[in-house]
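Contents: one structure, followed by commentary.
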Amino acid sequence: MSDFYYFDNNATTAIAPEVFEGMVPFLTEHYGNPSSAYGFGKRVRIAVEQARSQVAALINADPSEIYFTSCGTEADNTAIWSALRSSKKKHIITSQVEHSAILHMGENLEQQGYGVTWLAVRSDGTLDLAALEESIRPDTAVVSLMWANNETGVLFPIEKISAICREKKVLFHTDAVQTPGKVKIDVKSVPVDFLALSGHKLHGPKGVGVLYVRKGVPLIPFQIGGGQERGKRAGTENVASIIGLGKAAEVAQEGLIEEQTRVRAMRDRFENRILELISGVRVNGNREERLPNTSNLCFTGVDAQDLLAALDAQGICCSAGSACTTGSVEPSHVLSAMGVSERDAKSSLRFSFSHFNQESEIDRALEIIPKVVGSL
Ligand SMILES: *Cc1c(COP(=O)(O)O)cnc(C)c1O
């Protein structure tokens with residue numbers, strides 16, 4: 001294979017070798033149904049429950065507060081749906097910079113007659129907490145705000161937000177899909193009611209997610225059928241992927257320090273050198289309140305789609321806007337909400353690293369990118 005540099009870890013991540021190894025027996029000999037009454041099924045049940053404990057440990061939850069879903073999107077949708085149904089209220093609060101899993105859910109709810117408050121962000125992507133407080137109404141069912149932004153890496157102050165929601169007695173959901181392994185999550189010290197995770201964003205498999213629901217918070221099923229997941233999420237368990245996610249949760253917990261030190265230093269070196277080497281480059285988003293692995297850069301005057309294609313030809317994978325909207329000519333809704341002009345938004349690329357990246361790859365990228373930008 002020719003040169004290949006994977007700098008798009010906010011879109012998806014490589015499965016860690018130990019995750020894959022853990023999954024294989026559940027795709028081969030251990031194919032039993034965890035709901036079956038005989039030992040062959042019960043042994044699979046035990047493995048699923050072990051994975052639940054591993055995920056619970058990652059966020060300091062109780063295993064009984066963990067529900068496996070088919071993806072992060074389903075976990076996000078379920079939280080909003082459940083809060084609306086259980087409260088019988090008709091208003092939700094979210095932000096203009098959410099992932100499509102929340103953004104399009106909110107738009108869909110608006111079409112059905114629900115009220116949605118779309119909180120704005122500042123030019124650095126951060127949130128105004130006073131505006132959040134003012135937007136909470138007696139008929140607000142839930143506040144849903146992402147922990148870390150997938151495009152810019154900007155972090156919302158979830159500790160403060162959850163305290164505000166608790167004080168105002170409104171349910172709070174956080175889309176934490178980009179957070180595990182990068183920022184510590186502790187649901188004992190941060191009073192969120194719902195929290196969503198996704199396997200493939202933390203070196204686990206695709207097609208599996210998690211919804212955390214705090215003990216005592218009602219959960220109304222989104223998917224109806226069999227009695228799996230204590231009657232809260234029907235459908236036979238995606239066993240191998242659940243086992244993989246459990247292992248990935250363990251790996252993420254162990255890798256937290258490396259992510260916050262080595263990966264952060266690697267990202268910072270990349271970003272600072274690009275700023276030095278290429279004139280007219282700007283960083284999108286607050287550089288302090290940010291994930292350690294993400295760099296969203298505006299290459300003023302360069303078309304991001306052209307740059308993306310030229311870098312692809314050199315083996316560099318990165319992203320223009322979020323993967324879910326790539327292919328459309330719309331500028332990123334996140335950058336637009338930050339007040340970035342359409343021209344600059346269409347000149348912006350996201351580089352997102354992981355602990356699988358090496359300094360030598362950064363060296364190579366720092367040779368390639370200025371040359372490619374110069375040629376455009
Ligand atoms: C990827 C992502 C999702 C969706 O997760 P899937 O498992 O792909 O459905 C939701 N929110 C954020 C912030 C994401 O980055």
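Given the structure is predicted, the values throughout are model-derived calculations rather than measurements. Ligands are counted one by one from 1 in listed order, and the atoms in each one are counted from 1 as well.
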Exercise. Is it true that H30 and F40 have ring centroids separated by less than 6.0 Å?
Worked result: no

Worked check of salt bridge (charged side-chain N to carboxylate O under 4.0 Å, His left out) between R287 and D268: CA-CA 10 Å; R287 294 181 74 179; D268 288 346; 5.8 Å; no

Query - Check: F353 ring centroid to F270 ring centroid under 6.0 Å - result: yes

Presence of salt bridge, R45 and E49, under 4.0 angstrom: yes

Residues with a heavy atom under 4.0 Å from ligand 1, by chain and number, are C71, G72, T73, D76, H99, M146, N150, D175, V177, Q178, S198, H200, K201

The residue among K90, K89, H91 that forms side-chain hydrogen bond (donor to acceptor under 3.5 Å, both in side chains) with T140 is H91

Residue pairs passing the ring pair (Phe, Tyr, Trp, His ring centres under 6.0 Å) test with at least one member in residues 114-147, sequence neighbours excluded, are none

